[in-house]
Amino acid sequence: MATVVLFHSAYGLRPAVQQAADRMREAGHTVHVPDLYEGRSAGTVEEGMALHDEIGRDELLMRAITATAPHSEHGLVYAGLSLGGAVAQTLALGDTRARGLLLFHGTSDIAEDASVDELPVQLHVADPDPFEPHDWLNAWYLRMQRAGAEVEVHRYPGAGHLYTDPGLDDHDAEAAELTWRTALGFLDELTPRGA
């Protein structure tokens with residue numbers, strides 16, 4: 001059983017985020033879902049980015065660190081949806097006890113001096129994705145490998161950016177189901193035998 005912290009997208013803590021957490025819980029994992037927007041949510045990606053900008057990146061990261069601190073003693077799997085993936089990646093690369101990084105729909109910049117010890121990383125992304133273009137993803141993959149991560153990238157042709165969210169036009173049921181089967185398998189591999 002893994003302990004997962006799942007960060008929401010720019011839309012905020014939508015029902016789809018809770019549904020994602022429930023899927024992981026049903027598979028036997030402990031999942032924490034911080035509300036980085038403190039009760040606010042957005043109806044469009046533009047509204048979500050406006051909320052993000054209003055709160056500010058540094059404040060969002062501070063809220064994320066505060067939310068994860070009580071659970072990080074034995075090693076967390078950091079996970080996130082789109083913008084939440086960027087938050088999860090930032091925290092995972094800064095946590096020497098991180099057990100894994102599970103990214104849905106989003107990545108982030110990587111510091112030149114980032115270094116992790118064979119951190120398992122799995123990314124699920126639409127193909128093509130306007131927020132995660134091929135050139136960016138190729139460079140991201142190489143930088144993550146240079147940092148010491150063990151990276152898997154799963155691309156879903158024809159899917160929309162947030163294709164796992166059934167409440168959005170991007171939703172692609174087939175791609176979402178394949179994503180969840182693969183992601184839950186990844187979490188199972190991070191679970192120590194006998195746990």
Side-chain angles (χ1 to χ4, degrees), residues 4-21 31-72 76-95 98 101-114 116 121-141 143-144 147 149 153 155-156 159-172 176 179:
V4 181
V5 178
L6 176 65
F7 294 103
H8 59 72
S9 74
Y11 284 89
L13 197 52
R14 295 173 44 78
V17 182
Q18 297 292 3
Q19 292 165 5
V31 185
H32 304 282
V33 187
D35 184 355
L36 301 182
Y37 286 178
E38 298 181 339
R40 299 165 75 186
S41 62
T44 67
V45 70
E46 292 79 15
E47 289 173 11
M49 291 312 295
L51 267 175
H52 167 271
D53 294 343
E54 176 189 326
I55 296 166
R57 181 181 185 273
D58 290 345
E59 176 61 22
L60 286 172
L61 285 174
M62 186 54 63
R63 291 177 184 182
I65 291 166
T66 301
T68 58
H71 313 292
S72 63
L76 292 171
V77 176
Y78 292 90
L81 303 156
S82 191
L83 174 70
V87 172
Q89 178 185 307
T90 300
L91 268 60
L93 293 181
D95 182 353
L101 175 60
L102 180 56
L103 302 172
F104 303 94
H105 323 294
T107 62
S108 183
D109 289 332
I110 302 162
E112 287 295 324
D113 61 348
V116 293
V121 178
Q122 191 175 84
L123 168 65
H124 298 269
V125 64
D127 185 15
D129 187 322
F131 297 101
E132 300 286 326
H134 286 165
D135 288 350
W136 166 263
L137 284 177
N138 290 338
W140 173 86
Y141 177 84
R143 287 194 304 267
M144 287 294 280
V153 178
R155 298 177 192 248
Y156 300 86
H161 174 64
L162 272 169
Y163 65 85
T164 59
D165 189 328
L168 298 175
D169 290 342
D170 284 348
H171 185 240
D172 183 318
T179 294

- Message: Taking side-chain contact (heavy atoms from CB on, under 4.5 Å) as the criterion, tell me which of L103, T90, L101 meets it with Y78.
- Response: L101

Would you say the side-chain atoms of [X] pair up with the backbone N or O of [Y], donor to acceptor, closer than 3.5 Å?
| X | Y | answer |
| --- | --- | --- |
| E47 | G43 | yes |
| D170 | G160 | no |
| Q89 | D109 | yes |
| Y37 | G48 | yes |
| H8 | L36 | yes |

- Message: Around atom CG of D169, are there more than 12 heavy atoms from other residues, nucleotides or ligands closer than 6.0 Å?
- Response: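 Counting other residues, nucleotides and ligands, CG of D169 stays at 12 neighbours or fewer.
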
- For M49, does the CE atom sit with more than 12 other heavy atoms under 6.0 Å from it, leaving out its own atoms?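 Yes.
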
About how many Å separate [atom2] of [Y] and [atom1] of [X], when rounded to the nearest 0.5 Å?
| X | Y | atom1 | atom2 | result |
| --- | --- | --- | --- | --- |
| Q19 | D165 | CD | CG | 7.5 Å |
| R155 | H134 | CZ | NE2 | 4.5 Å |
| Y11 | L168 | OH | CG | 5.0 Å |

Where is the tightest heavy-atom contact between [X] and [Y], given as atom of each residue plus distance?
| X | Y | answer |
| --- | --- | --- |
| A16 | P166 | CB-CD, 4.0 Å |
| P34 | L6 | CD-O, 3.4 Å |
| S72 | A69 | OG-O, 3.2 Å |
| A21 | V33 | CB-CG2, 3.5 Å |
| A98 | A92 | CB-O, 3.8 Å |
| V121 | A149 | CG2-CB, 3.8 Å |

- Taking atom types as modelled, is there a side-chain donor on H161 or D129 under 3.5 Å from an acceptor on the other? yes

- The single option from Y163, Y156, F7, F131 that satisfies ring-ring contact (aromatic ring centres under 6.0 Å, His included) with H105 is Y163

- Validation row: L162, V45 side chains within 4.5 angstrom (heavy atoms):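 No, too far: nothing below the 4.5 Å cut-off.
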
- Item | Pairwise side-chain contact, R63 with D35, heavy-atom cut-off 4.5 Å (strictly under) | no

